[in-house]
Protein chains: 2
Amino acid sequence: MEAKHTLCLVNPALEVIAGKWKTTILLILLFEGTKRFSELNNAIPLITKKMLTSQLRELEDQDIILREVYPVVPPKVEYSLTEYGRTLEPILHLMHDWGSAHVSHMANKPNGRDFVEMM
Amino acid sequence: MEAKHTLCLVNPALEVIAGKWKTTILLILLFEGTKRFSELNNAIPLITKKMLTSQLRELEDQDIILREVYPVVPPKVEYSLTEYGRTLEPILHLMHDWGSAHVSHMANKPNGRDFVEMM
DNA sequence: CCGAATCCCTTCTGATACTG
DNA sequence: CAGTATCAGAAGGGATTCGG
């Protein structure tokens, strides 16, 4: 357990937010609060139910979001950020700011390489 | 374009740092400065040359690192962070701090789920 | 409405061997 | 030393179907 182990503690954070749709889900829950499964699905049109389910499960397993099932018909399931999940907010904000600058940065490059693919 | 486009500006940042080994490479270059290919390879024992090459290429294409080739024998190639690459430092630091807390957080959970896999 | 289960294709990653 | 080439297995992600 030497110095390099302190280095790679960036990766746990990455694993939490680095799913293909996780940041999008997190930002929606962060800015708009509790959402139902179908609301998330509508808010992210390109995602499949399978992907949405798997991303939500992983976030739930990591204590980032809370899943609440209401035993009614038709079924109703709500997702929200946990207190712990909200601790990601500063990181998401920083990444958002850097991302904005990065898009401009790359746009100004002579060899306009593959551009950001919006959702 | 509406609000959701401002939301997904987190993803560009993610794409830059989310390669399997990119944060590790970036942290080494950040903390220890310029490194040769073989030095990086030794510092990250589990990485293959193929992976190291591809991760370095991607970071170079995105202006995050600088690749300098010295026309000598045997070949010598040095990698370092660009000025622009250094702007990632705050994000990496935040992620490192959050990652440390996260490891403790998950360790305290009753169902000790899959733990962080150290390099 | 909220998923789980299955199939299938693409991409990613590792192992190994070779080169200027 | 610093890569490239090739191949094969693993993993990721989409489309579709089915169920409580």
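Below, chains carry the letters A, B, ... as their sequence lines are ordered, and counting in each starts from 1.
Applying the side-chain contact (heavy atoms from CB on, under 4.5 Å) rule to L81(B) yields the partners L26(B), L29(B), L30(B), I64(B), I65(B), R86(B); only residues at least two apart in sequence or on another chain are considered. Considering only residues two or more places apart in sequence or on other chains, E39(A) meets the side-chain hydrogen bond (donor to acceptor under 3.5 Å, both in side chains) condition with none of them. Not counting sequence neighbours, the partners of V69(B) by the side-chain contact (heavy atoms from CB on, under 4.5 Å) test are R67(B), V77(B). Residues meeting the side-chain hydrogen bond (donor to acceptor under 3.5 Å, both in side chains) test with N41(A), sequence neighbours left out: none. Under the salt bridge (Lys or Arg N to Asp or Glu O under 4.0 Å) criterion, K49(B) pairs with no residue, sequence neighbours left out. In this structure E89(B) satisfies the side-chain hydrogen bond (donor to acceptor under 3.5 Å, both in side chains) test together with H93(B), sequence neighbours excluded. Residues passing the side-chain hydrogen bond (donor to acceptor under 3.5 Å, both in side chains) test with T87(B) are W98(A), sequence neighbours excluded.
The outermost nucleotides of DNA chain D lying under 4.0 Å from heavy atoms of chain B, listed 5' to 3', are dC1(D) to dC7(D).
Applying the ring pair (Phe, Tyr, Trp, His ring centres under 6.0 Å) test to residues at least two apart or on different chains, none of the pairs has a partner in residues 33-82 of chain B.
Going from atom CZ of R36(A) over to atom C1' of dG3(C) covers 13 Å, rounded to whole Å. Taking atom CG on L52(A) and atom P on dC2(C), their separation rounds to 10 Å, with Å as the unit.
The phosphate of dA4(C) has OP1 or OP2 within less than 4.0 Å of a side-chain N or O from R57(A).
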>> How would you summarise protein contacts on nucleotides 6-20 of chain C per nucleotide, using B for base, S for sugar-phosphate only and - for none, with heavy-atom distances below 4.0 Å?
In response: BB-----BBB----B
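Using a 4.0 Å cut-off between charged side-chain N and carboxylate O, K22(A) and E58(A) make a salt bridge.
Computed from C1' positions of five pairs at each end, the angle between the two local axes of the helix from dC1(C)-dG20(D) to dG20(C)-dC1(D) equals 50°, rounded to 10 degrees.
Hydrophobic cluster membership for V73(A): none, as no Ile, Leu, Val, Met, Phe, Trp or Tyr side chain comes under 4.5 Å of it.
Within the nucleic acid shown, Y79(B) comes within 4.0 Å of sugar-phosphate atoms alone, with no base atom in reach, counting heavy atoms only.
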